[in-house]
Amino acid sequence: MSIITRPTTSVGQPHKQRSRRRVEPIFYVFLVPSLILFTLAITIPGIIGIFFSFTNSIGIGDWDFVGLTNYVAIFSDPAILQSYLFTFGFSIVTVIAVNAVAFLLAVGLTSRIRMKSALRTIFVIPMVVSGIIIAYVFNFLFSNSLPSLGAAAGIPWLESSLLANPDLAWVAIVLVTAWQAVPGALLIYIAGLVAVPGDVYEAAEIDGASKFQQLLKITLPLVSGYVVINIILGFKGFLNAYDIIVGLTNGGPGTSTRSIAMTVIAGFNGGDYAYQMANATIFFVVAIVISLVQLSLTRGRNAL
Amino acid sequence: MSVKMTRRKRFAAMGLGLALLAGLLSGCTGESGKETIRFTFSKREAIGFMTKLVADYNASQDHTEVVLDTSGVDVVSASFVRGNPPDIALANYNMETSRFVQRGVLSDLSGAEAASRIRDDLKPLMDQYGSYPGRTSALPYSVMASSVIYNKEIFAANNIAVPKTWSELIGACEKLKAAGVTPFYATWKDDWTIAQGWFDYSVGGQVDSLGFFKELEAEGVDVGPESSVSFQKDFDQPVQKMLTLARSYVNKDAASRAYGDGNLAFSQGKAAMYLQGPWAFSEIAKTAPGLSLGTFPLPMTEDPQDLRVRVNVDLAAWIPEASKHKDAARDFLEYLYRPEVIDAYNESQLGFTPTKDSSNKPDPRIEGMVEYYNNARVYQGPSVLVPRTIPIMNYTQAIVFGAPPASTLRTLDADWARLAFRQ
């Protein structure tokens with residue numbers, strides 16, 4: 001978009017500009033409602049939240065300024081540091097898992113196979129189910145169905161629930177999150193694969209490239225823009241992980257699977273509003289840094 | 001002509017609709033000049049009881065109309081933020097509610113007639129959650145005592161008496177185990193069941209929680225290995241004993257069982273003991289109404305004099321400072337505390353009445369705790385006395401799942417000191 005508009009405004013023939021200006025108000029009208037809503041619902045509460053992160057408020061009643069105390073405390077709080085570690089580790093693993101699975105599925109579902117549309121429909125179903133419901137269903141599977149299956153089949157490691165294992169509970173969360181997130185990535189990959197012209201494959205075939213070489217040397221480079229989109233969207237979403245974790249482990253066992261979002265919200269319920277506002281402010285800064293890095297990485301990628 | 005008629009009808013219908021809507025929205029205010037007060041109550045098991053009580057009260061006088069609001073405690077917090085709190089509430093008294101107390105948004109009830117009838121030995125328990133200078137911010141309404149729930153039939157079949165010391169308890173467990181009975185049914189998937197039962201009973205049976213938390217409060221930022229009291233020093237032994245029970249005498253699948261599973265299994269006689277509060281009785285009774293159950297405090301030492309039961313103020317009454325109908329709310333408060341009303345409520349919920357003049361006759365299932373409650377041999381669970389921002393439930397779960405108790409208790413000390421540092 002910006003690439004198209006910039007030259008016209010900078011070249012700027014006077015009469016053309018005037019005619020543009022006459023159209024402009026309507027664009028403002030389009031923008032104003034969202035701008036007002038964004039200001040009221042996001043900017044102002046955000047600023048209020050940052051303000052309160054310098055107090056000892058619990059959200060109601062009396063409060064005092066405490067300066068940077070909350071921030072100092074956060075950097076020595078192992079629970080919060082652990083929630084950052086967990087959230088980033090979980091997000092990276094999940095992004096890789098989701099994209100690998102979704103890409104392979106998309107390749108399969110765009111090739112010439114039987115019942116293609118029926119299969120596509122089936123694979124997209126997890127996307128339309130709400131996260132908390134998926135989490136509770138899997139919770140039941142992990143803590144009841146799998147252990148009793150393990151007991152019946154005599155497989156000892158299956159007998160205890162994955163969710164009750166502090167070292168492995170995160171695997172369950174990655175599995176369930178990926179199960180829900182794959183369809184979204186899958187749709188984007190299908191769109192990308194369909195857009196690849198068929199003649200490049202024909203040419204490759206004539207040159208004697210195997211199917212695997214085609215996938216690696218032709219398909220993957222041609223959809224690389226979609227890979228970037230999926231990674232950015234996915235990573236952003238997984239950093240905010242909340243509902244699936246609440247339904248599966250509720251941060252446990254112990255504190256091994258508490259995400260940043262859960263820690264912040266636990267602060268609201270636990271009368272720790274100001275402290276968790278400081279945490280949210282730090283998370284906000286981290287998120288901005290990540291978006292800047294992502295923007296600079298993706299800039300100039302016309303494949304997008 | 002006919003067109004006119006329908007139009008008139010349409011207007012009439014619209015007017016009627018609006019009137020209905022207005023009536024719904026305003027909750028019948030203005031009608032016959034009654035003052036409307038909003039009463040928040042969200043204990044799910046007792047909503048039926050309270051609905052009837054409110055209807056009786058509304059019918060009994062013609063100056064106040066009480067509207068029952070059952071939307072829950074999170075909504076109440078938000079209503080304080082908006083400056084539109086309920087006029088009166090009966091709510092669980094915990095660290096969450098105590099925030100309202102400490103920040104002074106609740107009005108002083110010391111002048112109420114009901115306040116003078118509250119048992120004196122409950123005041124330190126209320127104050128454990130903090131207070132606001134010069135105010136009685138909340139009055140206890142229903143006290144719940146909890147201890148070990150045991151299956152009398154299984155105990156009798158195996159010839160086991162109620163244990164009064166730690167070694168008797170271990171003896172009973174061994175006897176049950178030898179007979180092929182699971183001694184304790186544990187539901188560790190729900191971390192609150194560990195904190196409420198396993199952890200609180202073990203610690204409360206050995207540590208004087210009133211004194212411990214008072215000193216811990218005084219130590220503040222200094223809590224740690226060097227302080228006069230600390231979790232790592234004072235809780236270590238009770239936690240070790242808890243682990244002794246947790247490692248050898250529970251159902252095999254404890255880690256993946258939840259509270260609901262526990263109630264069902266216990267009602268089916270799959271274990272002899274269950275570390276739950278009286279709220280579990282009604283759930284157990286759903287599948288086994290005739291099951292003969294009793295209660296006893298978990299013995300953690302060799303001295304029967306140390307036996308204590310865990311109590312919590314399940315309901316406390318309070319009136320927000322920001323209420324515009326404080327007088328009407330006071331009237332309703334006094335009604336709630338009428339001996340026959342408060343006794344009827346507590347009888348229906350297996351609770352203990354906190355007033356001096358109570359003539360409550362306890363249910364046989366909680367009889368085992370009456371002498372302890374009456375002699376004030378009670379404690380409040382350490383898991384509820386730690387501020388909610390410290391994830392103590394998660395920590396207790398980590399301990400029973402195998403995390404080293406010493407390091408977890410050290411974390412607890414560090415969390416406490418950090419919280420003291422920033423408050």
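Below, chains carry the letters A, B, ... as their sequence lines are ordered, and counting in each starts from 1. All heavy atoms count here, side chains included; hydrogens, waters and symmetry mates do not.
At a 4.5 Å heavy-atom cutoff, the contact between A:D272 and chain B is made by side-chain atoms alone. Heavy atoms closer than 4.5 Å to chain B are found in both the backbone and the side chain of A:A73. Both the backbone and the side chain of A:T255 come within less than 4.5 Å of a heavy atom in chain B. For A:N250, the part sitting under 4.5 Å from any heavy atom of chain B is the backbone (N, CA, C, O) and nothing else. Proximity to chain A involves both the backbone and the side chain of B:T389, based on heavy atoms less than 4.5 angstrom apart. Contact annotation for B:V81: both backbone and side-chain heavy atoms come within less than 4.5 Å of a heavy atom of chain A. With a 4.5 Å cut-off on non-hydrogen atoms, B:A255 touches chain A through its backbone and its side chain both. Contacts of A:N144 with chain B are made by both backbone and side-chain atoms, with heavy-atom separations under 4.5 Å. In this structure, chain B has no heavy atom under 4.5 Å from any part of A:S148. The parts of A:S76 that come within reach of chain B are both its backbone and its side chain, each placing non-hydrogen atoms under 4.5 angstrom from that chain.
No side-chain heavy atom of B:L419 sits less than 4.5 Å from a side-chain heavy atom of A:Y275. In this structure, the side chains of A:V66 and B:R422 stay at 4.5 Å or more apart for every pair of heavy atoms. Using a 4.5 Å cut-off on side-chain heavy atoms (C-beta onward), B:R418 and A:P78 make contact.
We find the OH-OG distance between A:Y273 and B:S77 to be 13.0 Å, quoted to the nearest 0.5 Å.
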Original post:
Checking side-chain contact (heavy atoms from CB on, under 4.5 Å) for the pair B:F401/A:N165: CA distance, chi angles, key distance, verdict?
Top reply: CA-CA 8 Å; B:F401 280 178; A:N165 185 331; over 6 Å; no

**OP:** Start with the C-alpha distance between A:N139 and B:K189, add both sets of side-chain angles, then the distance that settles side-chain contact (heavy atoms from CB on, under 4.5 Å), and finish with yes or no.
**Re:** CA-CA 11 Å; A:N139 187 336; B:K189 188 178 170 202; 2.6 Å; yes

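The number of heavy-atom neighbours closer than 6.0 Å to CZ of A:F284, taken from other residues, nucleotides and ligands shown, is 12 or below. More than 12 heavy-atom neighbours from other residues, nucleotides or ligands sit within 6.0 angstrom of NZ on B:K43. Around CZ of A:F51, the count of heavy atoms belonging to other residues, nucleotides or ligands within 6.0 Å exceeds 12.
By number of non-hydrogen pairs under 4.5 angstrom with chain A, the leading residue of B:A398, B:G83, B:S256 is B:S256. Contact count against chain B (heavy-atom pairs under 4.5 Å) is highest for A:I58 among A:I58, A:N70, A:D64, A:N56. When B:R388, B:E96, B:R103, B:M95 are compared by the number of non-hydrogen pairs under 4.5 Å with chain A, B:R103 comes out ahead. Among A:T249, A:D77, A:L163, A:T263, the residue making the largest number of heavy-atom pairs under 4.5 Å with chain B is A:D77.
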